Amino acid sequence: MSSFGRLYKFFSTAAPAVSETTISATKQAIATTPKPNKPTKPTSQAARLKQLAKNFKKSSKNPSFRLRIPYYESTVYRLAAAKQFNLIQDILEHQKQFDSITDERFTVRLISLYGKAGMFDNASKLFDEMPELKCERTVISFNALLAACVNCKKFDKLEALFRDLPGQLGIKPDRVSYNTLIKSYCVMGSVELAVGVIELMESKGLAPDLITFNTIFDALYRNKKMDDAEKLWVLMESKNVIANVRSYNPKLRALVADERISEAVELIEEMRAKGVMPDIYSFNALIQGYCFEKNLEQAKRWYGELAKCDVSPDRMTYEIMLPFVCDIADFDYAFQLCKDVLNSKHRVSMSVIQRVVDGLATDLKSEEAEVLVDLADTNNYFHYKLKLPAE
DNA sequence: TTAGGGTTAG
């Protein structure tokens with residue numbers, strides 16, 4: 001049976017009548033939430049994060065604060081990176097007391113944050129609680145729950161919810177739902193199933209879109225399935241979906257990884273000819289390729305190309321270039337790059353910059369080394385603690 | 001609400 005056949009059968013079978021619904025089955029004790037690991041960071045950091053959570057809760061009283069999505073995101077990311085799951089639960093559960101919780105878009109963001117933090121049980125519990133919180137549940141919150149499954153790698157759970165919840169809650173999966181199912185298959189390594197979903201969604205009257213194809217391109221190129229990807233380009237064009245820069249970038253990375261850098265350069269030209277402007281991900285792919293080939297001249301050329309194309313370098317650009325430039329001991333150029341970093345808002349790993357400072361000092365370029373240390377001291381975005389080597 | 005590499009502090 002084809003992928004489509006298997007998928008169609010699976011997703012077209014009505015959910016069995018059960019007294020204990022799948023929803024409640026998804027309810028799991030919060031006790032099963034990932035437990036904070038043994039603290040590995042200094043207590044001062046733990047104290048700082050506790051204060052962060054406290055301030056966050058205090059600010060939440062303000063309705064305009066509750067619209068500041070990036071603040072919510074960065075706070076949860078910081079806490080998740082430090083494995084402070086109890087604090088994440090603390091600040092997100094705190095939001096339930098505000099009337100924003102009756103707004104589905106707000107609650108969906110909380111579900112999504114739990115998902116990004118890897119706290120699936122909390123995401124699922126919040127979804128279940130929506131009716132009692134007087135918050136309408138539509139396909140949007142269903143999709144957020146599916147996305148939480150992907151982020152938490154609960155692939156079996158996603159399939160079960162996708163099959164059972166629409167019938168139980170009277171929700172009709174939409175294109176976003178199917179794209180999330182596709183993403184799930186891609187992440188779990190079943191790209192063939194992901195491709196099969198295109199036919200499945202079409203059988204439900206939903207046309208695949210750019211996100212559908214780009215999601216699968218990324219998975220195919222990561223797995224070096226170049227031939228399958230070419231077939232997908234043909235299919236995409238037959239559906240009148242127009243490629244964008246995010247369709248091309250996975251291919252660029254795959255060509256570079258395969259050491260076919262001249263073909264990657266040709267692809268950039270092809271993109272431009274089609275009016276698709278390369279972005280920082282595209283340029284980083286090429287710079288990565290040339291650094292790997294130890295071709296400083298070309299790496300520099302493409303770094304220079306960024307300014308010409310009005311594209312800003314990012315953290316990754318420097319993380320790729322600086323170690324390579326240090327390897328070949330071109331500290332004059334490394335000095336230029338570091339000045340660019342320290343005058344920007346990008347945060348590059350401190351050890352990478354320290355290596356340049358050390359190299360400059362060894363190269364009898366103490367003045368330049370001092371310039372970097374001073375620039376680091378006055379950097380407004382991140383406090384680098386660089387050290388001049390002992391005299 | 002779904003497609004890229006998320007360590008400031010607020």
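None of these values were measured; they are calculated from a predicted model. By convention in this document, chain letters (A, B, ...) are assigned in the order of the sequence lines, proteins followed by strands, and residues within each chain are numbered from 1. Keep in mind that the numbers below use all heavy atoms, side chains included, and drop hydrogens, waters and symmetry copies.
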Notebook entry, point to check: Can you name the residues that form a side chain to side chain contact (heavy atoms under 4.5 Å, CB included) with A:E202, not counting sequence neighbours?
Noted result: A:I198, A:P208, A:K239

Notebook entry, point to check: Ignoring hydrogens and angles, does a donor from either the side chain of A:S74 or the base of B:dG6 sit under 3.5 Å from an acceptor on the other?
Noted result: no

Checklist line | Candidates B:dT1, B:dA3, B:dT2 - which lies nearest the side chain of A:R109 | finding: B:dT1

Next item on the list: Could you check how far OH of A:Y281 sits from C1' of B:dA3, rounded to whole Å?
Entry: 11 Å

Next item on the list: Let me know the distance between NE2 of A:H346 and P of B:dT7, rounded to the nearest Å.
Entry: 13 Å

Notebook entry, point to check: Taking the six-membered ring for Trp, are A:Y72 and A:F106 parallel (under 30°), tilted (30 to 60°) or perpendicular (over 60°)?
Noted result: perpendicular

Next item on the list: Pull out every residue in residues 300-323 of chain A that has a heavy atom closer than 4.0 Å to any atom of DNA chain B, ordered by number, or say none.
Entry: A:D314, A:R315, A:M316

Only pairs under 3.5 Å count here: list side-chain donor-acceptor contacts from residues 356-363 of chain A, not counting sequence neighbours, and write none if there are none.
unit_1	atom_1	unit_2	atom_2	d
A:D358	OD1	A:Q354	NE2	2.9
A:T362	OG1	A:D358	O	2.7
A:D363	OD2	A:K365	NZ	3.3

Note to self: By nearest heavy atom, map A:P250 and A:I140 onto DNA chain B; which one lands nearer the 5' end?
What the structure shows: A:I140

Note to self: Distance check needed: B:dG5 P versus A:D218 CG, whole Å only.
What the structure shows: 8 Å

Item checked: Selected nucleotide, minimal atom distance to A:R48 side chain, candidates B:dT2, B:dT1, B:dA9 -> B:dA9

Next item on the list: Could you say whether A:R347 or A:L52 is positioned toward the 5' end of DNA chain B, judged by the nucleotide with the nearest heavy atom to each?
Entry: A:R347

Checklist line | Nucleotide of B:dG6, B:dG10, B:dA3 approaching A:R78 most closely (side-chain heavy atoms) | finding: B:dG10

Checklist line | Aromatic contact, A:Y248 with A:Y281 (centres under 6.0 Å) | finding: no

Item checked: Those residues of residues 255-272 of chain A lying under 4.0 Å from DNA chain B by at least one heavy atom -> none

Check: Can you tell me how far C1' of B:dT8 sits from CG of A:N55, to the nearest Å?
Finding: 15 Å

Item checked: Closest to side chain of A:V176, choosing from B:dG10, B:dA3, B:dT1 -> B:dT1

Check: So does A:E192 pair up with A:K225, basic N to acidic O under 4.0 Å?
Finding: yes

Next item on the list: Consider the side chain of A:K183, meaning its heavy atoms from C-beta on, and name the nucleotide among B:dG4, B:dT2, B:dT1 that approaches it most closely.
Entry: B:dG4

Item checked: Which residues share a ring-ring contact (aromatic ring centres under 6.0 Å, His included) with A:F213, sequence neighbours left out -> none

Note to self: Applying a 4.0 Å non-hydrogen cut-off, can you work out what A:E73 is touching in the nucleic acid: base, sugar-phosphate, or nothing?
What the structure shows: base

Checklist line | Contacts of A:K251 that satisfy salt bridge (Lys or Arg N to Asp or Glu O under 4.0 Å) - sequence neighbours left out | finding: A:E230

Note to self: Less than 3.5 Å apart, any donor N or O on the side chain of A:N214 or A:N244 sitting next to an acceptor on the other?
What the structure shows: yes

Item checked: Nucleotide B:dT2, atom P - distance to CD1 of A:I111 in whole Å -> 12 Å

Margin query: Looking only at the side chains, is there a donor atom on one of A:Q51 and A:N55 sitting less than 3.5 Å from an acceptor on the other?
Written below: yes

Check: Whole-Å distance between B:dA9 C1' and A:R68 CZ?
Finding: 11 Å

Check: Given atom OH of A:Y178 and atom P of B:dT1, what is their separation to the nearest angstrom?
Finding: 21 Å

Next item on the list: Answer yes when A:K345 and A:D314 have at least one side-chain N-carboxylate O distance shorter than 4.0 Å, and no when they do not.
Entry: no

Check: How close or far is atom P of B:dG4 from atom OH of A:Y248, stated in whole angstroms?
Finding: 19 Å

Notebook entry, point to check: A:N151 near the nucleic acid: base, sugar-phosphate alone, or nothing, with a heavy-atom cut-off under 4.0 Å?
Noted result: nothing

Margin query: Using a heavy-atom cut-off of 4.0 Å across all strands, would you classify A:T215 as base, sugar-phosphate, or nothing?
Written below: sugar-phosphate

